[in-house]
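Report on one structure; see the data block that follows.
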Amino acid sequence: MPELPEVEVTRRSFANAIEGAQVLAVRLGKALRWPLGCAASNLVGRSVQGVGRRGKYLLLEFDQGWLLLHLGMSGSLRFAAASELAPSGAHDHFDLITTLGTLRLHDPRRFGAVVFVESLADTAARKLLGRLGVEPLSDSFSAELFFIELKQRQAAIKQVLLMGEVVVGVGNIYASEALFMAAIRPTVRAQRLSRARVARLHAAIVEVLTRAVEVGGSTLKNFSSANGESGCFQLETMVYGRAGLPCRICATPVKLLKQGQRSTFYCPTCQKL
DNA sequence: CACGGATCCTGATGGC
DNA sequence: TGCCATCAGGATCCGT
């Protein structure tokens, strides 16, 4: 589910509200992808300094230590007063109960994770964050560096985008959308892209992610931000989820193919090799 | 080392 | 209605 825009929208939806909160208790449900990394009681008494983001991870900063949260495919967060929150359901696997409200992770498929580390330099944190590529919405994402990185990759450009080792946060929806916007065929090997085409892709990634954040992300099944709001980027996709439907630019039927077990959507007319 | 495939888990959907 | 196969926004691990 959540790619960079959904994670960023989630972050913004509760970062201010949770700042300064002190942890009163923690409730754990079923196991997520990885264990918490410490006793739940170890979090009690810590206070939240802020909420950051690295790729698709949310970084909850305590006065001491960090909580790394990942939403996996089906995760979403809520932050609300305990009185507004329903009793925890079958798919609510983590509650951080604080003086300012409860932060709850809802994740039916349990590909998500909540991991505590004392420091971002800890091996546990480095294992999760250490190989991540550049942040696409930061100044350090430059077309020239992007070009140099892509020159070293032989895999299909769509796959390279999904890997997250060159640039983070671009998942299955936005990879297809950015490649369409840049008029690049998803199957082209990354290293074969010219400087000019990489520059177009660079701009397209920034544009599509920025736009998606603006409209609250994509709500395909049940994504919502931590205050319960849905996104609407899914209404304006050019190719994602539109197999067989006419391209919004040229009316050629949108094609669907599988790359690494994932669906890729593209327009065979607009996106040239 | 870089790549491709299998894999974790549950729910929704579509065909028969 | 039931059963089964297929498919989902992710990312790690393992074999080649």
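So you know, we letter chains A, B, ... as the sequences are listed, proteins then strands, and number each from 1.
- Put simply, CG on A:Leu220 is 17 Å from P on C:dC7, counting in whole angstrom units.
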- Task: Under the ring pair (Phe, Tyr, Trp, His ring centres under 6.0 Å) rule, what do A:Phe146 and A:Phe141 come out as? Steps first, then yes or no, please.
- Result: CA-CA 7 Å; A:Phe146 195 32; A:Phe141 182 44; 5.1 Å; yes
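- Atom P of nucleotide C:dG9 and atom CG of A:Leu209 are separated by 16 Å, given to the nearest angstrom.
- Within 3.5 Å, a donor on the side chain of A:Arg109 pairs with an acceptor on the base of C:dA8, or the reverse.
- Applying the 5.5 angstrom centroid cut-off and the 30 degree plane-angle cut-off, the aromatic ring of A:Phe111 is not stacked upon the base of C:dA11.
- Using a 4.0 Å cut-off between charged side-chain N and carboxylate O, A:Lys56 and A:Glu6 make no salt bridge.
- C:dC14 and B:dC9 have their P atoms separated by 16 Å, given to the nearest Å.
- Taking atom C1' in both B:dC3 and C:dG9, one finds a spacing of 23 Å when rounded to whole Å.
- With sequence neighbours excluded, the residues that form a salt bridge (Lys or Arg N to Asp or Glu O under 4.0 Å) with A:Arg54 are A:Glu135.
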- Item | Dot-bracket notation for DNA chain C, counting Watson-Crick and G-U pairs under 3.5 Å, with | for partners on another strand | .|||||||.|||||||
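- Nucleic acid contact for A:Tyr240: sugar-phosphate only, since backbone atoms but no base atoms lie under 4.0 Å from a heavy atom of the residue.
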- Could you please spell out the steps behind the salt bridge (charged side-chain N to carboxylate O under 4.0 Å, His left out) verdict for A:Glu165 and A:Arg153? CA-CA 11 Å; A:Glu165 292 179 16; A:Arg153 303 285 178 157; 3.7 Å; yes
Using a 3.5 Å cut-off and no angle test, enumerate the donor-acceptor pairs between side-chain atoms of residues 114-128 of chain A and protein atoms at least two apart in sequence or in another chain.
unit_1: A:Ser119; atom_1: OG; unit_2: A:Ala121; atom_2: N; d: 2.8
unit_1: A:Asp122; atom_1: OD2; unit_2: A:Glu118; atom_2: N; d: 3.2
unit_1: A:Asp122; atom_1: OD2; unit_2: A:Ser119; atom_2: N; d: 3.4

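- In this model, the phosphate group of C:dA11 is approached by a side-chain N or O of A:His70 to a distance below 4.0 Å at OP1 or OP2.
- Whole-Å rounding puts the A:Leu256 CG to C:dT6 P distance at 15 Å.
- The nearest whole Å value for the distance from the CG atom in A:Leu68 to the P atom in C:dA11 is 14 Å.
- In this structure, A:Tyr57 does not reach the C:dA11 phosphate: none of its side-chain N or O atoms is under 4.0 Å from OP1 or OP2.
- The distance from the CD1 atom of A:Ile97 to the CZ atom of A:Phe94 is 9.0 Å, given to the nearest 0.5 Å.
- Of all nucleotides in DNA chain B, those with any atom nearer than 4.0 Å to a heavy atom of chain A start and finish, going 5' to 3', at B:dC3 to B:dG11.
- A donor and an acceptor atom, one from each side chain of A:His93 and A:Asp107, are nowhere located under 3.5 Å apart.
- Note on A:Glu207 versus A:Arg211: no salt bridge recorded, every NZ/NE/NH1/NH2 to OD/OE distance being 4.0 Å or above.
- Residues A:Val134 and A:Val166 are not in side-chain contact: their nearest non-hydrogen atoms beyond the backbone lie 4.5 Å or more apart.
- Nucleic acid contact class of A:Gly171 (heavy atoms, under 4.0 Å, all strands): sugar-phosphate only.
- Here the C1' atom of nucleotide C:dG10 and the CG atom of A:Leu128 are 13 Å apart, to the nearest Å.
- With no hydrogens or angles considered, no side-chain donor-acceptor pair links A:Asn16 and A:Arg12 at under 3.5 Å.
- A sub-4.0 Å separation between OP1 or OP2 of C:dG9 and a side-chain N or O of A:Ser74 is absent.
- Every residue two or more places apart in sequence or in another chain that forms a ring-ring contact (aromatic ring centres under 6.0 Å, His included) with A:Phe233 is listed here: A:Tyr174.
- Base engagement by A:Arg262 is indicated by at least one non-hydrogen atom pair under 4.0 Å involving a base atom.
- Distance A:Leu58 CG to C:dG9 P: 20 Å, rounded to the nearest Å.
- Between A:Gln152 and A:His91, it is A:Gln152 whose nearest contact on DNA chain B lies nearer the 5' terminus.
- Once rounded to the nearest 0.5 Å, the distance linking CZ of A:Arg53 with CG of A:Leu58 reads 8.0 Å.
- The interatomic distance linking A:Arg110 (CZ) with C:dA8 (C1') rounds to 17 Å, in whole Å.
- Side-chain contact of A:Ser47 with A:Gln49: a donor-acceptor pair under 3.5 Å is present, judged by distance alone.
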Under 3.5 Å, which protein N or O atoms sit close to an N or O of nucleotides 13-16 of chain C? Give each pair with its distance.
unit_1: C:dC13; atom_1: OP1; unit_2: A:Lys127; atom_2: NZ; d: 3.2

